[in-house]
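Just below is one structure, and these are the notes that go with it.
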Amino acid sequence: MWTRGGLKEAAKEALRRNYWKIVMVSLILVLMGCETGGISFHKTVFDNSAEKEAEEWEEDGGEAAGKKSIVTVRKRARSDEMTVEETGGGEFAAGEVKTGFVRGVIFGFIGIAIFLAIFAVVLAVDILLINPLCVGGSRFMIRSVEDVAQVKEIAYGFDHSYKNIVKVMFHRELRIFLWTLLFIIPGIIKMFEYYMVPYILAEHPDMEYEAALGLSRDMMEGNKWNTFVLGLSFILWHILGAITAGIVEILYVQPYRSLTFAALYCHLRNTHVINNMAIPVSGQHNEYGQYGMNGQYNEYGQYGMNGQYNEYGQHGMNGHYSENGRQW
């Protein structure tokens with residue numbers, strides 16, 4: 001079982017090994033809207049329009065709250081002109097406002113078209129650019145936890161199975177969005193279920209979306225609440241970052257947080273490798289209990305690379321095989 005202290009210690013050690021590269025990559029990811037090692041929620045702003053209008057009215061020299069004005073609107077027959085008159089404490093003089101129904105409808109459609117166009121552009125950028133960048137950022141953090149990573153790792157999602165990464169991440173976000181429509185809470189649960197998908201793709205970019213989502217769900221089984229608490233444990237650090245105008249946030253908190261969640265993935269991956277059976281990877285075969293990447297084969301107590309094979313007291317290399325003292 002993992003502990004927050006153990007993960008954070010691994011993150012600190014990684015940060016000491018490769019500090020400035022990690023800070024730079026973390027800053028790039030934050031600026032691009034891809035925060036590895038955290039759950040990003042869409043902010044909903046609740047605006048009390050009545051209070052806002054009252055404050056603006058008082059700031060403009062209007063009367064104190066509590067005094068009411070009466071607004072009278074008169075429309076002339078067979079005309080598009082209306083007379084707007086305010087009495088009973090207001091200072092606005094009566095005036096005429098010209099309205100045009102057809103013109104209003106046209107402007108409305110133009111506004112909707114502009115909104116949809118902007119939304120489509122933002123969505124395309126998120127799917128085609130930010131999501132692959134998130135996968136690359138996840139790979140960089142994993143490599144930093146396990147060794148020393150190079151900055152070029154953040155481009156991994158564009159160089160390796162780009163189309164598949166785009167597809168898998170799209171399925172992930174679509175499912176989270178659809179579950180969020182059911183009173184938000186189910187969507188948050190799904191966020192944590194699919195939390196490891198970017199990390200999984202960072203090591204297995206060819207994995208089909210059903211396999212990637214299923215693997216993440218299995219890895220997070222029994223770990224969703226603890227992962228949520230792990231995120232909450234950084235609250236005081238974020239407060240310190242806010243107090244220092246974001247300086248501490250950029251130079252320490254965000255890199256530290258991202259590495260901590262990468263360390264969590266490494267732990268869950270290793271644990272899952274021991275306890276399960278198979279990872280289906282589009283056209284390839286890679287078993288739980290086995291770990292394969294770039295022609296390498298690795299399992300606790302087992303190691304194979306470049307034609308070499310080693311297993312529990314057995315050794316084979318370059319066509320030689322040895323087992324229990326016998327050599328073939």
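Values below: all heavy atoms of this structure, side chains included; hydrogens, waters and symmetry mates excluded.
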Which atom pairs, one a donor and one an acceptor, fall under 3.5 Å between side chains of residues 6-14 and the rest of the protein, sequence neighbours left out?
unit_1 : atom_1 : unit_2 : atom_2 : d
Lys8   : NZ     : Ser233 : OG     : 2.9
Glu13  : OE1    : Arg16  : NH2    : 2.9

Return all side-chain donor-acceptor pairs below 3.5 angstrom for residues 109-117, not counting sequence neighbours, or 'none' if the list is empty.
none

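- No side-chain donor from either of Asn226 and Trp2 sits under 3.5 Å from a side-chain acceptor of the other.
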Decide ring pair (Phe, Tyr, Trp, His ring centres under 6.0 Å) for Phe192 and Trp225; before the verdict, give the C-alpha distance in whole Å, the side-chain angles of both, and the deciding distance to 0.1 Å.
CA-CA 9 Å; Phe192 283 99; Trp225 173 253; 9.0 Å; no
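- In this model, no donor atom of one side chain and acceptor atom of the other lie less than 3.5 Å apart for Tyr156 and Glu203.
- Within the 3.5 Å criterion, the main-chain N or O of Glu208 finds no donor-acceptor partner in the side chain of Asn164.
- With a 4.5 Å cut-off between side-chain heavy atoms of Ile, Leu, Val, Met, Phe, Trp and Tyr, the cluster of Phe183 takes in none.
- With sequence neighbours left out, Asn18 forms a side-chain hydrogen bond (donor to acceptor under 3.5 Å, both in side chains) with no residue at all.
- Residue Asn223 holds its CG atom at 7.5 Å from CE of Met196, rounded to the nearest 0.5 Å.
- The environment of Phe177 atom CZ is sparse: at most 12 non-hydrogen atoms of other residues, nucleotides or ligands sit within 6.0 angstrom.
- Looking at Arg175 and Glu210, no side-chain N of the basic residue comes within less than 4.0 Å of a carboxylate O on the acidic one, giving no salt bridge.
- Side-chain atoms of Met207 and Ile200, non-hydrogen and from C-beta on, do get closer than 4.5 Å to each other.
- Judged as a ring pair (Phe, Tyr, Trp, His ring centres under 6.0 Å), and not counting sequence neighbours, the contacts of Phe234 are Tyr256.
- In this view, Tyr162 and Phe158 satisfy the ring pair (Phe, Tyr, Trp, His ring centres under 6.0 Å) rule, not counting sequence neighbours.
- Separation of atoms CZ (Arg139) and SG (Cys134) is listed at 15.5 Å; rounding is to 0.5 Å.
- Around CD1 of Ile184, the count of heavy atoms belonging to other residues, nucleotides or ligands within 6.0 Å does not exceed 12.
- Considering CE of Met191 and CD1 of Ile189, their distance stands at 11.5 Å, rounded to 0.5 Å.
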